[in-house]
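Throughout, numbering of the chain's residues begins at 1 and tracks the sequence.
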Amino acid sequence: MRQDEIWDTETAERYDTPGTGMFAPEVLGPTVDRLAELADGGRALEFAIGTGRVAVPLAERGVPVTGIELSRPMIAQLRTKADEARIPVVVGDMAEATAPGTYTLVYLVFNTISNLLTQQEQVACFRNAARHLEPGGRFVIELGVPELRVIPPGQQGMIFHHEPGYLGIDTYDVLTQHLVSHHVRFGEGREARISRCPQRYVWPAELDLMAQLAGFEFESRHADWSKAEFTAESRSHVSVYRLPA
């Protein structure tokens, strides 16, 4: 499936979960705090801005935010919260679309770089971030660490989350570094609703090499937005890259 097929009107209308999940204050608060710090008084550009989960509260903190987004339905949901004057959005692919002006911060949250399904596209995303940044500007990526260590030999997938009414399963193709996240939602009846999202997983070391190819220097890596130490057991990371001043 193409990304514009996944992020359709139905998905966009169901995307926001105010106060829970990735919209929970304990998740969103540290994210916005850290991004405001990294913007360092300048302008921010969000790749794959979506419905504005991060952009809206970041703009409320006084950081001017512009977005790039492929899905028009997701932008339509953002427009219920902020108009074009407040948060301008360019419609396009984050690997190649151009937003006007320059920025002190470009950021890409919640595993979204993995929506680009080839290494070439992911490298292009880094280069696009570099084109938008002022000298000394930063590119920040939030990304999960591939869970391959927990998959026994011969098994192709794993349950990554389950709770009443929901089951999440990831299936892996280690030859292509592709995975598909399967989301199964169900109630008390016999029927279930299934959605799928294809991704290309990226190891932290590979991400660092992509940054070098785009002219970035590695600045920091933490396990979360609150700057917890990144260790061999960390399931995700927030990595910061900086252009030379």
Side-chain angles (χ1 to χ4, degrees), residues 2-4 6-7 31 34-35 37-50 52 54-55 58 63-72 74-75 87-146 176-179 197-222 225 230 236-245:
R2 300 194 313 268
Q3 292 300 320
D4 58 347
I6 295 169
W7 306 105
T31 305
R34 180 73 169 132
L35 289 172
E37 174 190 347
L38 292 168
D40 196 24
R43 301 170 66 222
L45 173 64
E46 180 171 358
F47 284 176
I49 194 170
V54 174
L58 186 60
V63 178
V65 181
T66 297
I68 291 176
E69 175 57 52
L70 184 64
S71 167
R72 292 181 183 274
M74 296 290 274
I75 297 172
I87 300 180
V89 178
V90 174
V91 180
D93 187 327
M94 60 185 168
E96 56 186 32
T98 301
T102 58
Y103 303 83
T104 60
L105 175 68
V106 177
Y107 65 94
L108 187 51
V109 299
F110 209 69
N111 302 323
T112 311
I113 194 170
S114 64
N115 289 349
L116 299 170
L117 299 181
T118 68
Q119 188 182 68
Q120 291 86 349
E121 289 176 307
Q122 291 171 346
V123 171
C125 183
F126 270 89
R127 288 177 171 150
N128 199 26
R131 284 192 291 270
H132 284 91
L133 285 168
E134 299 174 2
R138 296 180 172 97
F139 184 32
V140 183
I141 294 181
E142 177 188 21
L143 188 59
V145 178
T176 61
Q177 287 186 213
H178 282 178
L179 72 87
C197 182
Q199 302 162 67
R200 181 184 186 271
Y201 62 83
V202 190
W203 298 100
E206 183 185 7
L207 206 69
D208 294 347
L209 184 56
M210 291 180 183
Q212 290 185 44
L213 292 172
F216 286 100
E217 298 173 349
F218 176 81
E219 183 169 278
S220 67
R221 173 169 292 127
H222 294 96
W225 292 101
F230 180 76
S236 63
H237 59 96
V238 175
S239 296
V240 181
Y241 303 97
R242 190 166 189 167
L243 283 182

Test of understanding: with ring pair (Phe, Tyr, Trp, His ring centres under 6.0 Å), list the residues that count as partners of [X], not counting sequence neighbours.
X      : answer
His237 : Phe230
Phe110 : none
Phe126 : Phe139, Tyr241

Between [X] and [Y] (side chain of the first, backbone of the second, donor and acceptor by atom type, cut-off under 3.5 Å), is there such a pair?
X      : Y      : result
Glu134 : Thr104 : no
Arg43  : Thr102 : yes
His132 : Ala99  : yes
Gln199 : Tyr201 : no
Arg138 : Arg242 : no

Taking only residues two or more places apart in sequence, or in another chain, which ones meet Arg72 in a side-chain hydrogen bond (donor to acceptor under 3.5 Å, both in side chains)?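 Applying side-chain hydrogen bond (donor to acceptor under 3.5 Å, both in side chains) to Arg72 gives none.
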Holding to side-chain hydrogen bond (donor to acceptor under 3.5 Å, both in side chains), I want the full list of residues that pass it with Glu217, two or more places apart in sequence or in another chain.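 Scan of Glu217 (side-chain hydrogen bond (donor to acceptor under 3.5 Å, both in side chains), adjacent residues dropped) gives none.
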Measure the shortest side-chain to side-chain distance between [X] and [Y] over non-hydrogen atoms and say whether it is less than 4.5 angstrom.
X      : Y      : result
Leu38  : Val240 : yes
Val140 : Arg34  : no
Glu46  : Ile87  : no
Ser220 : Val238 : no

I need the [X] [atom1] to [Y] [atom2] distance, nearest 0.5 Å.
X      : Y      : atom1 : atom2 : answer
Leu243 : Arg131 : CG    : CZ    : 12.0 Å
Arg200 : Thr118 : CZ    : OG1   : 7.5 Å
Asn128 : Glu121 : CG    : CD    : 12.5 Å
Thr112 : Leu143 : OG1   : CG    : 9.0 Å
Met210 : Ile141 : CE    : CD1   : 8.5 Å

Could you go through Tyr107 and Thr31, starting from their C-alpha distance and side-chain angles, then the distance that decides it, and tell me whether this counts as side chain to side chain contact (heavy atoms under 4.5 Å, CB included)? CA-CA 11 Å; Tyr107 65 94; Thr31 305; over 6 Å; no
List the atom of [X], the atom of [Y], and the distance in Å for their closest heavy-atom pair.
X      : Y      : answer
Cys125 : Leu116 : CB-CD1, 3.6 Å
Asn111 : Gly144 : OD1-N, 2.6 Å
Asn115 : Cys197 : OD1-SG, 4.0 Å
Ala55  : Val65  : CB-CG1, 3.8 Å
Leu58  : Ala44  : CD2-CB, 4.4 Å
Ala48  : Leu108 : CB-CD1, 4.3 Å

Under the criterion side-chain hydrogen bond (donor to acceptor under 3.5 Å, both in side chains), I'd like the reasoning laid out for Gln122 against Glu206: C-alpha separation, chi angles, the key distance, then a yes or no. CA-CA 10 Å; Gln122 291 171 346; Glu206 183 185 7; over 6 Å; no
Taking it one step at a time, do Val63 and Leu35 satisfy side chain to side chain contact (heavy atoms under 4.5 Å, CB included)? CA-CA 9 Å; Val63 178; Leu35 289 172; over 6 Å; no
Do Leu45 and Ile68 pass the side chain to side chain contact (heavy atoms under 4.5 Å, CB included) test, and can you show the C-alpha distance, the side-chain angles, and the key distance before you say yes or no? CA-CA 8 Å; Leu45 173 64; Ile68 291 176; 4.2 Å; yes
CA sep, side-chain torsions, deciding dist, call: Arg127, Leu213, side chain to side chain contact (heavy atoms under 4.5 Å, CB included): CA-CA 8 Å; Arg127 288 177 171 150; Leu213 292 172; 4.1 Å; yes
Qualifying residues under salt bridge (Lys or Arg N to Asp or Glu O under 4.0 Å), relative to Glu96, sequence neighbours excluded: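 Salt bridge (Lys or Arg N to Asp or Glu O under 4.0 Å) check on Glu96 returns nothing, list empty.
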